[in-house]
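For ligands, and for the atoms within them, numbers begin at 1 and follow the listed sequence.
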Amino acid sequence: MKNHTNKENKYDYDLVVIGGGPAGMTAAIYAQRANLKTVIIEKYIVGGKMIKTSEIENYPGYDYILGPELSEKMQKQVEKLQVEFVTDEVIKITDSENHKIKTVLLSSGDVLIAKGVIITTGSLERKIGIPGEEEYANRGVSNCAVCDGALFKNKIISVVGGGYAACEESLYLTRFTNKVNLIHRRDQFRADDKTVNKVKNNENINLITDHVVLKVLGAEDKKKVGKLEIQNIKTKEISEITTDALFPYIGSDPVTKFVKDLDICDSNGYIIVNDKCQTKIPGLYAAGDVIAKNLRQIVTAVNDGAIAAQYLINFIDNFNE
Ligand code: NAP
(Lines give C-alpha, C1' and ligand atoms only; values in the text may rest on other atoms or scores of the structure.)
Protein backbone atom coordinates (compact mmCIF):
# COMPACT_ATOMS: atom_id res chain seq x y z
CA MET A 1 0.00 0.00 0.00
CA LYS A 2 1.25 3.41 -0.97
CA ASN A 3 0.82 5.85 1.91
CA HIS A 4 2.26 9.30 1.75
CA THR A 5 0.65 10.90 4.76
CA ASN A 6 3.99 11.46 6.52
CA LYS A 7 5.52 13.33 3.63
CA GLU A 8 5.96 17.00 4.35
CA ASN A 9 5.00 19.19 1.45
CA LYS A 10 6.13 16.54 -1.00
CA TYR A 11 3.66 15.93 -3.73
CA ASP A 12 2.80 12.75 -5.58
CA TYR A 13 1.17 14.80 -8.32
CA ASP A 14 0.56 18.40 -9.19
CA LEU A 15 -2.99 17.53 -10.15
CA VAL A 16 -5.37 14.73 -9.31
CA VAL A 17 -8.33 14.52 -11.72
CA ILE A 18 -11.18 12.47 -10.28
CA GLY A 19 -13.20 10.88 -13.08
CA GLY A 20 -12.19 9.91 -16.61
CA GLY A 21 -15.02 11.24 -18.77
CA PRO A 22 -14.70 14.02 -21.35
CA ALA A 23 -14.30 16.76 -18.69
CA GLY A 24 -11.60 14.82 -16.83
CA MET A 25 -9.70 13.86 -19.96
CA THR A 26 -9.74 17.44 -21.26
CA ALA A 27 -8.52 18.79 -17.91
CA ALA A 28 -5.69 16.23 -17.97
CA ILE A 29 -4.72 17.20 -21.54
CA TYR A 30 -4.50 20.89 -20.62
CA ALA A 31 -2.68 20.28 -17.34
CA GLN A 32 -0.15 17.77 -18.65
CA ARG A 33 0.61 20.01 -21.63
CA ALA A 34 1.38 22.75 -19.08
CA ASN A 35 3.85 20.37 -17.41
CA LEU A 36 1.69 19.54 -14.43
CA LYS A 37 2.23 15.97 -13.30
CA THR A 38 -1.31 14.66 -13.63
CA VAL A 39 -3.18 11.50 -12.68
CA ILE A 40 -6.74 10.49 -13.57
CA ILE A 41 -8.52 8.36 -10.98
CA GLU A 42 -11.37 6.41 -12.57
CA LYS A 43 -13.57 3.92 -10.73
CA TYR A 44 -14.89 2.03 -13.77
CA ILE A 45 -13.92 2.53 -17.39
CA VAL A 46 -12.47 5.67 -18.90
CA GLY A 47 -14.94 7.54 -21.13
CA GLY A 48 -17.82 8.19 -18.75
CA LYS A 49 -21.23 8.42 -20.39
CA MET A 50 -19.62 8.56 -23.86
CA ILE A 51 -19.05 4.83 -23.76
CA LYS A 52 -22.74 4.28 -23.10
CA THR A 53 -23.86 6.69 -25.82
CA SER A 54 -24.68 5.28 -29.21
CA GLU A 55 -24.50 8.04 -31.79
CA ILE A 56 -23.19 11.58 -31.34
CA GLU A 57 -24.17 14.20 -33.90
CA ASN A 58 -23.55 17.43 -31.99
CA TYR A 59 -19.83 17.31 -31.21
CA PRO A 60 -18.04 19.74 -33.53
CA GLY A 61 -15.59 18.14 -35.91
CA TYR A 62 -17.69 15.01 -36.27
CA ASP A 63 -21.10 15.18 -37.91
CA TYR A 64 -21.51 11.58 -36.76
CA ILE A 65 -19.43 9.51 -34.39
CA LEU A 66 -20.15 6.61 -32.05
CA GLY A 67 -19.76 7.43 -28.34
CA PRO A 68 -17.17 4.69 -27.64
CA GLU A 69 -15.17 5.81 -30.69
CA LEU A 70 -14.98 9.44 -29.52
CA SER A 71 -14.05 8.23 -26.06
CA GLU A 72 -11.24 6.09 -27.45
CA LYS A 73 -9.88 9.01 -29.47
CA MET A 74 -9.79 11.20 -26.34
CA GLN A 75 -8.19 8.44 -24.29
CA LYS A 76 -5.46 7.91 -26.89
CA GLN A 77 -4.69 11.63 -26.85
CA VAL A 78 -4.41 11.57 -23.05
CA GLU A 79 -2.24 8.46 -23.08
CA LYS A 80 0.06 10.00 -25.69
CA LEU A 81 0.77 12.79 -23.20
CA GLN A 82 1.67 10.12 -20.64
CA VAL A 83 -0.97 11.08 -18.12
CA GLU A 84 -1.19 8.35 -15.50
CA PHE A 85 -4.47 6.43 -15.08
CA VAL A 86 -5.38 4.76 -11.78
CA THR A 87 -8.42 2.51 -11.38
CA ASP A 88 -9.75 3.23 -7.89
CA GLU A 89 -12.49 5.06 -6.07
CA VAL A 90 -12.01 8.31 -4.18
CA ILE A 91 -13.41 8.15 -0.66
CA LYS A 92 -12.45 11.56 0.68
CA ILE A 93 -10.60 14.77 -0.14
CA THR A 94 -9.03 16.94 2.56
CA ASP A 95 -7.40 20.33 2.27
CA SER A 96 -4.56 21.92 4.24
CA GLU A 97 -5.10 25.21 6.03
CA ASN A 98 -3.11 27.17 3.45
CA HIS A 99 -4.91 25.30 0.60
CA LYS A 100 -1.60 24.16 -0.88
CA ILE A 101 -1.88 20.48 -0.03
CA LYS A 102 -4.85 18.37 -1.11
CA THR A 103 -5.01 14.83 0.24
CA VAL A 104 -7.01 12.29 -1.76
CA LEU A 105 -7.94 9.06 0.00
CA LEU A 106 -8.69 6.08 -2.24
CA SER A 107 -10.74 2.99 -1.42
CA SER A 108 -7.62 0.83 -1.84
CA GLY A 109 -6.15 2.68 1.15
CA ASP A 110 -3.72 4.67 -0.99
CA VAL A 111 -3.37 8.34 -0.17
CA LEU A 112 -2.32 10.82 -2.86
CA ILE A 113 -0.94 14.27 -2.12
CA ALA A 114 -1.44 16.93 -4.79
CA LYS A 115 -1.33 20.67 -5.30
CA GLY A 116 -4.79 20.74 -6.82
CA VAL A 117 -7.80 18.54 -7.54
CA ILE A 118 -10.42 18.65 -10.30
CA ILE A 119 -13.61 16.67 -9.69
CA THR A 120 -15.25 15.35 -12.87
CA THR A 121 -17.22 12.40 -11.53
CA GLY A 122 -20.33 13.07 -13.63
CA SER A 123 -23.60 11.44 -12.77
CA LEU A 124 -25.12 7.98 -12.47
CA GLU A 125 -28.31 6.81 -14.16
CA ARG A 126 -31.36 7.09 -11.95
CA LYS A 127 -33.40 4.00 -11.18
CA ILE A 128 -37.18 4.16 -11.57
CA GLY A 129 -37.47 2.48 -8.16
CA ILE A 130 -40.24 0.02 -9.02
CA PRO A 131 -40.70 -3.63 -8.05
CA GLY A 132 -38.82 -5.98 -10.37
CA GLU A 133 -36.29 -3.38 -11.56
CA GLU A 134 -33.47 -4.64 -9.35
CA GLU A 135 -34.56 -8.27 -9.57
CA TYR A 136 -34.36 -8.30 -13.37
CA ALA A 137 -31.22 -6.13 -13.64
CA ASN A 138 -29.04 -7.69 -16.36
CA ARG A 139 -31.89 -10.10 -17.14
CA GLY A 140 -33.70 -7.65 -19.35
CA VAL A 141 -33.34 -4.42 -17.37
CA SER A 142 -30.36 -2.36 -18.49
CA ASN A 143 -29.17 1.26 -18.47
CA CYS A 144 -26.95 0.82 -21.50
CA ALA A 145 -28.44 0.37 -24.97
CA VAL A 146 -24.97 0.41 -26.53
CA CYS A 147 -23.82 -2.44 -24.29
CA ASP A 148 -26.97 -4.59 -24.27
CA GLY A 149 -29.18 -3.58 -27.21
CA ALA A 150 -27.86 -6.33 -29.47
CA LEU A 151 -29.02 -8.95 -26.96
CA PHE A 152 -32.60 -8.16 -27.95
CA LYS A 153 -32.47 -8.66 -31.68
CA ASN A 154 -36.02 -8.88 -33.12
CA LYS A 155 -37.45 -8.74 -29.58
CA ILE A 156 -39.72 -6.17 -27.96
CA ILE A 157 -37.77 -3.44 -26.21
CA SER A 158 -39.23 -0.77 -23.93
CA VAL A 159 -37.50 2.50 -23.08
CA VAL A 160 -38.68 4.86 -20.33
CA GLY A 161 -38.10 8.62 -20.31
CA GLY A 162 -38.64 11.74 -22.36
CA GLY A 163 -35.22 13.39 -22.51
CA TYR A 164 -32.39 13.20 -25.03
CA ALA A 165 -31.14 9.90 -23.73
CA ALA A 166 -34.53 8.14 -24.01
CA CYS A 167 -35.17 9.52 -27.50
CA GLU A 168 -31.69 8.88 -28.90
CA GLU A 169 -31.36 5.42 -27.43
CA SER A 170 -34.86 4.46 -28.66
CA LEU A 171 -33.76 5.41 -32.16
CA TYR A 172 -30.54 3.44 -31.73
CA LEU A 173 -32.44 0.35 -30.54
CA THR A 174 -34.47 0.27 -33.79
CA ARG A 175 -31.26 -1.11 -35.36
CA PHE A 176 -32.02 -4.37 -33.60
CA THR A 177 -35.78 -4.58 -33.69
CA ASN A 178 -38.87 -3.01 -35.23
CA LYS A 179 -40.66 -3.11 -31.88
CA VAL A 180 -39.47 -0.37 -29.54
CA ASN A 181 -41.91 1.09 -27.02
CA LEU A 182 -41.03 4.55 -25.74
CA ILE A 183 -42.93 5.13 -22.51
CA HIS A 184 -43.04 8.70 -21.23
CA ARG A 185 -45.02 10.16 -18.36
CA ARG A 186 -46.01 13.28 -20.36
CA ASP A 187 -46.66 14.02 -24.03
CA GLN A 188 -43.97 16.72 -24.26
CA PHE A 189 -40.34 15.70 -24.64
CA ARG A 190 -37.21 17.42 -23.40
CA ALA A 191 -35.03 16.65 -26.42
CA ASP A 192 -34.84 19.12 -29.35
CA ASP A 193 -37.46 19.12 -32.11
CA LYS A 194 -35.20 17.40 -34.63
CA THR A 195 -34.62 14.42 -32.34
CA VAL A 196 -38.26 14.25 -31.19
CA ASN A 197 -39.50 14.35 -34.80
CA LYS A 198 -37.13 11.52 -35.72
CA VAL A 199 -38.69 9.50 -32.92
CA LYS A 200 -42.25 10.42 -33.89
CA ASN A 201 -41.62 9.61 -37.55
CA ASN A 202 -39.97 6.27 -36.87
CA GLU A 203 -42.53 3.57 -37.56
CA ASN A 204 -40.57 1.11 -35.41
CA ILE A 205 -41.09 3.22 -32.29
CA ASN A 206 -44.42 2.93 -30.52
CA LEU A 207 -44.95 6.02 -28.38
CA ILE A 208 -46.78 5.37 -25.12
CA THR A 209 -47.20 8.84 -23.61
CA ASP A 210 -48.89 9.87 -20.37
CA HIS A 211 -47.90 6.52 -18.88
CA VAL A 212 -45.63 5.40 -16.07
CA VAL A 213 -44.24 1.93 -15.42
CA LEU A 214 -45.43 0.48 -12.12
CA LYS A 215 -43.81 -2.97 -12.13
CA VAL A 216 -41.40 -5.14 -14.07
CA LEU A 217 -42.90 -8.61 -14.37
CA GLY A 218 -41.02 -11.76 -15.27
CA ALA A 219 -41.56 -14.03 -18.23
CA GLU A 220 -43.20 -17.39 -17.55
CA ASP A 221 -39.94 -18.94 -16.34
CA LYS A 222 -39.32 -15.85 -14.11
CA LYS A 223 -35.73 -15.86 -15.37
CA LYS A 224 -36.05 -12.72 -17.47
CA VAL A 225 -38.28 -9.73 -18.13
CA GLY A 226 -41.60 -10.66 -19.75
CA LYS A 227 -44.07 -7.82 -19.13
CA LEU A 228 -44.48 -4.36 -17.69
CA GLU A 229 -47.37 -3.11 -15.64
CA ILE A 230 -48.07 0.43 -16.80
CA GLN A 231 -50.52 3.12 -15.77
CA ASN A 232 -52.15 5.91 -17.71
CA ILE A 233 -51.60 8.89 -15.43
CA LYS A 234 -54.64 10.72 -16.78
CA THR A 235 -57.25 7.94 -16.64
CA LYS A 236 -55.44 5.95 -13.88
CA GLU A 237 -56.12 2.82 -15.95
CA ILE A 238 -53.59 0.04 -15.31
CA SER A 239 -52.59 -2.40 -18.04
CA GLU A 240 -49.82 -4.82 -19.01
CA ILE A 241 -47.60 -4.78 -22.05
CA THR A 242 -45.33 -7.56 -23.25
CA THR A 243 -41.64 -6.73 -23.44
CA ASP A 244 -38.30 -8.54 -23.42
CA ALA A 245 -36.26 -5.60 -22.19
CA LEU A 246 -36.55 -2.40 -20.21
CA PHE A 247 -34.12 0.49 -20.64
CA PRO A 248 -34.83 3.27 -18.11
CA TYR A 249 -33.43 6.62 -19.29
CA ILE A 250 -34.97 8.92 -16.71
CA GLY A 251 -32.00 11.14 -15.92
CA SER A 252 -29.05 10.92 -13.60
CA ASP A 253 -27.86 11.96 -10.15
CA PRO A 254 -24.45 13.54 -9.49
CA VAL A 255 -21.68 11.39 -8.02
CA THR A 256 -20.66 13.58 -5.09
CA LYS A 257 -21.09 11.49 -1.94
CA PHE A 258 -17.35 11.58 -1.31
CA VAL A 259 -17.36 15.40 -0.97
CA LYS A 260 -20.39 15.74 1.28
CA ASP A 261 -18.21 16.89 4.23
CA LEU A 262 -16.81 19.75 2.16
CA ASP A 263 -20.15 21.55 1.81
CA ILE A 264 -19.60 22.46 -1.85
CA CYS A 265 -22.83 21.04 -3.34
CA ASP A 266 -26.28 22.46 -3.97
CA SER A 267 -29.44 20.85 -2.58
CA ASN A 268 -29.53 18.38 -5.52
CA GLY A 269 -25.95 17.24 -4.90
CA TYR A 270 -24.37 19.12 -7.83
CA ILE A 271 -21.08 20.93 -7.13
CA ILE A 272 -21.32 24.72 -7.11
CA VAL A 273 -18.50 26.42 -9.03
CA ASN A 274 -17.76 29.95 -10.22
CA ASP A 275 -16.98 30.94 -13.81
CA LYS A 276 -13.44 29.58 -13.31
CA CYS A 277 -14.91 26.17 -12.43
CA GLN A 278 -13.53 26.65 -8.91
CA THR A 279 -15.44 25.50 -5.85
CA LYS A 280 -15.42 27.70 -2.76
CA ILE A 281 -12.23 25.84 -1.72
CA PRO A 282 -9.10 27.30 -3.38
CA GLY A 283 -7.36 24.68 -5.51
CA LEU A 284 -10.45 22.47 -5.69
CA TYR A 285 -12.16 22.66 -9.06
CA ALA A 286 -15.01 20.73 -10.70
CA ALA A 287 -16.09 20.24 -14.30
CA GLY A 288 -18.60 18.42 -16.48
CA ASP A 289 -21.97 16.90 -15.61
CA VAL A 290 -21.18 16.95 -11.87
CA ILE A 291 -21.40 20.74 -11.60
CA ALA A 292 -24.60 22.76 -11.14
CA LYS A 293 -25.44 24.06 -14.62
CA ASN A 294 -28.14 23.92 -17.29
CA LEU A 295 -26.58 22.31 -20.34
CA ARG A 296 -24.99 18.88 -19.93
CA GLN A 297 -23.31 17.87 -23.16
CA ILE A 298 -19.94 16.42 -24.14
CA VAL A 299 -19.02 19.77 -25.60
CA THR A 300 -19.85 21.62 -22.37
CA ALA A 301 -17.97 18.99 -20.35
CA VAL A 302 -14.77 19.51 -22.37
CA ASN A 303 -15.30 23.27 -22.07
CA ASP A 304 -15.47 23.04 -18.27
CA GLY A 305 -12.47 20.68 -18.17
CA ALA A 306 -10.32 23.17 -20.07
CA ILE A 307 -11.43 26.10 -17.88
CA ALA A 308 -10.84 24.20 -14.63
CA ALA A 309 -7.37 23.07 -15.71
CA GLN A 310 -6.33 26.49 -16.95
CA TYR A 311 -7.34 28.28 -13.72
CA LEU A 312 -5.80 25.54 -11.62
CA ILE A 313 -2.54 26.00 -13.54
CA ASN A 314 -2.68 29.71 -12.65
CA PHE A 315 -3.49 28.86 -9.02
CA ILE A 316 -0.47 26.56 -8.74
CA ASP A 317 1.81 29.04 -10.52
CA ASN A 318 0.84 31.67 -7.98
CA PHE A 319 1.40 29.62 -4.87
CA ASN A 320 4.77 28.45 -6.15
CA GLU A 321 6.02 32.03 -6.11
P1 NAP B 1 -33.32 14.29 -18.56
O2 NAP B 1 -33.11 15.29 -19.63
O3 NAP B 1 -33.27 14.73 -17.14
O4 NAP B 1 -34.71 13.59 -18.86
C5 NAP B 1 -35.22 12.64 -17.98
C6 NAP B 1 -36.58 12.20 -18.50
O7 NAP B 1 -37.04 11.14 -17.67
C8 NAP B 1 -37.62 13.32 -18.47
O9 NAP B 1 -38.37 13.28 -19.65
C10 NAP B 1 -38.45 12.98 -17.23
O11 NAP B 1 -39.80 13.27 -17.41
C12 NAP B 1 -38.33 11.47 -17.17
N13 NAP B 1 -38.39 10.99 -15.79
C14 NAP B 1 -37.69 11.42 -14.72
N15 NAP B 1 -38.01 10.71 -13.62
C16 NAP B 1 -38.93 9.81 -14.03
C17 NAP B 1 -39.64 8.77 -13.36
N18 NAP B 1 -39.46 8.53 -12.04
N19 NAP B 1 -40.51 8.04 -14.07
C20 NAP B 1 -40.70 8.27 -15.39
N21 NAP B 1 -40.05 9.22 -16.08
C22 NAP B 1 -39.17 9.99 -15.41
O23 NAP B 1 -32.29 13.06 -18.65
P24 NAP B 1 -31.39 12.49 -19.86
O25 NAP B 1 -32.16 12.34 -21.08
O26 NAP B 1 -30.68 11.31 -19.26
O27 NAP B 1 -30.32 13.63 -20.06
C28 NAP B 1 -29.48 14.04 -18.96
C29 NAP B 1 -28.67 15.25 -19.37
O30 NAP B 1 -27.77 14.89 -20.44
C31 NAP B 1 -29.55 16.35 -19.92
O32 NAP B 1 -29.00 17.57 -19.51
C33 NAP B 1 -29.47 16.19 -21.43
O34 NAP B 1 -29.67 17.39 -22.13
C35 NAP B 1 -28.05 15.64 -21.59
N36 NAP B 1 -27.96 14.76 -22.79
C37 NAP B 1 -27.77 15.36 -23.99
C38 NAP B 1 -27.67 14.59 -25.14
C39 NAP B 1 -27.49 15.29 -26.45
O40 NAP B 1 -27.51 16.50 -26.50
N41 NAP B 1 -27.29 14.60 -27.56
C42 NAP B 1 -27.77 13.19 -25.08
C43 NAP B 1 -28.00 12.59 -23.82
C44 NAP B 1 -28.09 13.40 -22.68
P45 NAP B 1 -40.32 14.80 -17.44
O46 NAP B 1 -39.95 15.31 -18.80
O47 NAP B 1 -41.77 14.67 -17.23
O48 NAP B 1 -39.62 15.48 -16.31
[atom] - nearest protein heavy atom and its distance:
atom	result
atom 23 (O) of ligand 1	G251 CA, 3.3 Å
atom 16 (C) of ligand 1	R185 NH1, 3.3 Å
atom 25 (O) of ligand 1	A165 N, 3.0 Å
atom 35 (C) of ligand 1	R296 O, 3.0 Å

Is_contact(atom 27 (O) of ligand 1), protein non-hydrogen, under 4.0 Å: no

Do you see a protein non-hydrogen atom under 4.0 Å from atom 6 (C) of ligand 1? yes

I'd like to know if the side chain of [X] pairs up with that of [Y] as donor and acceptor (distance under 3.5 Å, no hydrogens or angles considered).
X	Y	answer
D148	S142	yes
Q278	Y285	yes
S158	N181	yes
S54	E169	yes
S107	D88	yes
T300	N303	no
T121	K43	no

Can you check which of F189, Y249, Y164 brings a heavy atom nearest to atom 38 (C) of ligand 1? Y164

Could you name the option among R186, H211, K127 that has the heavy atom nearest to atom 46 (O) of ligand 1? R186

Tell me which part of [X] gets within contact of ligand 1: side chain, backbone, both or neither, using heavy atoms under 4.0 Å.
X	result
E168	side chain
Q297	side chain
K49	neither
T53	neither

At a 4.0 Å threshold, what atoms of ligand 1 neighbour a non-hydrogen atom of R190? 2 (O), 4 (O), 8 (C), 9 (O), 45 (P), 46 (O), 48 (O)

Check this for me: does any side-chain nitrogen of one of K100 and D95 sit under 4.0 Å from a carboxylate oxygen of the other? no

Measure the distances from the heavy atoms of N58 to every atom of ligand 1 and state whether one is below 4.0 angstrom. yes

Polar-atom distance check: G161 versus ligand 1, any N or O pair below 3.5 Å? no

Are there over 12 heavy-atom neighbours, none belonging to D221, within less than 6.0 Å of that residue's CG? yes

